[in-house]
Structure formats: structure tokens, C-alpha cells
Amino acid sequence: MSAGTLRLLFSAQQIQKRIHEMGAQIDKDYPDGALHLVCILKGACFFLADLARAIERDVVIDFMGISSYGRGTTTSGAVKLTKDLDLAVENVHVLLVEDIVDTGLTLNYLMNTLQQRKPRSIRVAALLDKPERRQRPVKVSYVGFEIPDEFVVGYGLDFAERYRNLQDVCVLEGPQVA
Ligand code: IMP
């Protein structure tokens with residue numbers, strides 16, 4: 001596979017600054033009750049780690065696995081649960097922590113699934129949002145950055161499992177993402 005070209009979109013420093021603002025907002029918005037941060041694997045793992053530490057109130061951390069794009073850059077439309085939560089969410093505030101909202105299929109599916117478990121509330125925090133691409137309505141309460149319809153990698157986001165460990169978020173340009 002060719003390496004592709006990376007164009008810087010958000011630097012590690014910009015990302016950290018924004019995440020600290022998001023953490024402060026979350027602290028303000030949840031004055032009471034248990035707050036479960038639910039990380040959507042794998043892309044949101046770095047975002048979860050930094051966001052959790054930018055929040056000062058007590059939190060619980062859990063993980064959910066969802067099938068994603070596989071080796072391509074366009075969604076198949078099918079969403080599959082590959083790992084369920086370890087903890088019950090009845091009567092707690094749930095904050096889904098996602099790397100990027102694209103078509104909205106994943107979060108739409110997850111919100112419907114988790115609503116059935118009767119949480120006290122359920123909201124979404126996403127580092128990136130591509131609103132132009134939306135196919136299903138999703139309310140994203142905390143958005144790091146809105147971006148145009150471009151394929152991005154780094155800071156947890158991958159192309160065919162590569163680039164997740166880049167510190168910055170970059171646009172991946174090249175023939176393989178056309
Ligand atoms: P959605 O269901 O279409 O909203 O897709 C959400 C998931 O697709 C994200 O959690 C990512 O795993 C993946 N995804 C969407 N856009 C990108 C991108 O630009 N780069 C890397 N992964 C992406």
C-alpha cells in the first residue's frame with residue numbers, strides 16, 4: 001500500500017487545548033450523579049484518555065466495540081456490536097465518547113441500543129464532526145472541531161488500521177482514499 005500524503009489539520013497542541021475546554025464544559029453541565037464515559041473503540045481511545053483527565057469530577061470509564069469501515073474509507077452502512085459494556089448504565093448519566101461523527105449510523109444505532117437500558121441521560125462527545133455527511137440525525141452535545149468532508153487520520157483515527165499513533169490529526173490524501 002502506498003503511504004499517502006498527510007496534511008496537518010489540527011496539531012497536538014490545538015487538540016489538547018480544545019479538549020480542556022470540553023472537559024471544563026462537561027464539569028459544569030453535570031453537577032451531580034454518576035457519569036459514565038463510554039469510549040467507542042478503537043478510534044476514540046486517545047480522546048477518551050485525554051478527555052477523562054480534562055474532567056475534574058468523578059467519572060467511570062467503560063468501552064464498547066463497534067464494527068467500522070474495515071480497510072476502506074466509505075461505510076458499508078451496517079453497524080455491528082463487537083464488544084458490549086462491562087457495567088450497567090441504568091439510572092446513570094452516559095456520555096458516549098467518539099472520535100468522529102460521519103454518517104451518524106454508528107451513533108444512531110448506539111443511542112437506540114443504550115436507551116433501552118434506561119440511563120438517566122445519554123449524550124455524545126465527539127472530537128470531530130463532519131456534518132455534511134450525515135445520513136441519520138444525531139445530536140452531538142460536545143464537538144471538538146467541525147471539519148469538511150475529507151478523510152482524516154491520527155490521534156486514534158485510522159486508515160486500514162494505520163496512522164492511529166500520529167499525535168496530530170491530518171487529512172490523508174492520495175489515490176487510495178479517492
Ligand atoms: P459513522 O457511523 O459514519 O458516523 O462513522 C463513524 C466511524 O467511522 C468513526 O468512529 C470512524 O471509525 C469512522 N470514520 C468516519 N470518518 C472517518 C475519517 O475521516 N477517518 C477515519 N475514520 C473515519
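Start at 1 and go down the list; that is how both ligands and their atoms are numbered. In what follows, every heavy atom counts, from backbone to side chain, and hydrogens, waters and symmetry copies are set aside.
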Sequence neighbours excluded, the answer for salt bridge (Lys or Arg N to Asp or Glu O under 4.0 Å) partners of Asp149 is Arg133
Residue set satisfying salt bridge (Lys or Arg N to Asp or Glu O under 4.0 Å) with Arg136, at least two apart, ordered chain then number -> none
When only distance counts, is Val101 in polar contact with ligand 1, meaning an N/O pair under 3.5 Å?
no
Any nitrogen or oxygen of Val153 lying under 3.5 Å from a nitrogen or oxygen in ligand 1? Just yes or no. no
[X] heavy atoms, cut-off 4.0 Å: which ligand 1 atoms fall inside?
X	value
Thr106	1 (P), 2 (O), 5 (O), 6 (C)
Glu98	10 (O)
Leu157	21 (C), 22 (N)
Lys130	16 (N), 17 (C), 18 (C), 19 (O)
Glu150	19 (O)
Asp158	21 (C)

I want to check something: taking the side chain as every heavy atom from C-beta on, are [X] and [Y] in contact at a cut-off of under 4.5 Å?
X	Y	value
Lys83	Leu41	yes
Arg164	Lys42	yes
Gln115	Ile122	yes
Leu6	Tyr163	yes
Phe151	Leu157	no

Looking only at non-hydrogen atoms, the one of Val152, Asp129, Thr103, Leu110 nearest atom 1 (P) of ligand 1 is Thr103
4.0 Å heavy-atom contact, [X] with ligand 1:
X	value
Gly104	yes
Gln135	no
Lys42	no
Val79	no
Asp99	yes

- Query: Is the side chain of Asn108 donor-acceptor paired with the backbone N or O of Pro137 at a distance under 3.5 Å, no angle test?
  - Reply: yes
**Request:** State plainly whether one hydrophobic cluster holds both Ile40 and Val138, where clusters connect Ile, Leu, Val, Met, Phe, Trp and Tyr through side-chain heavy atoms under 4.5 angstrom apart.
**Result:** yes
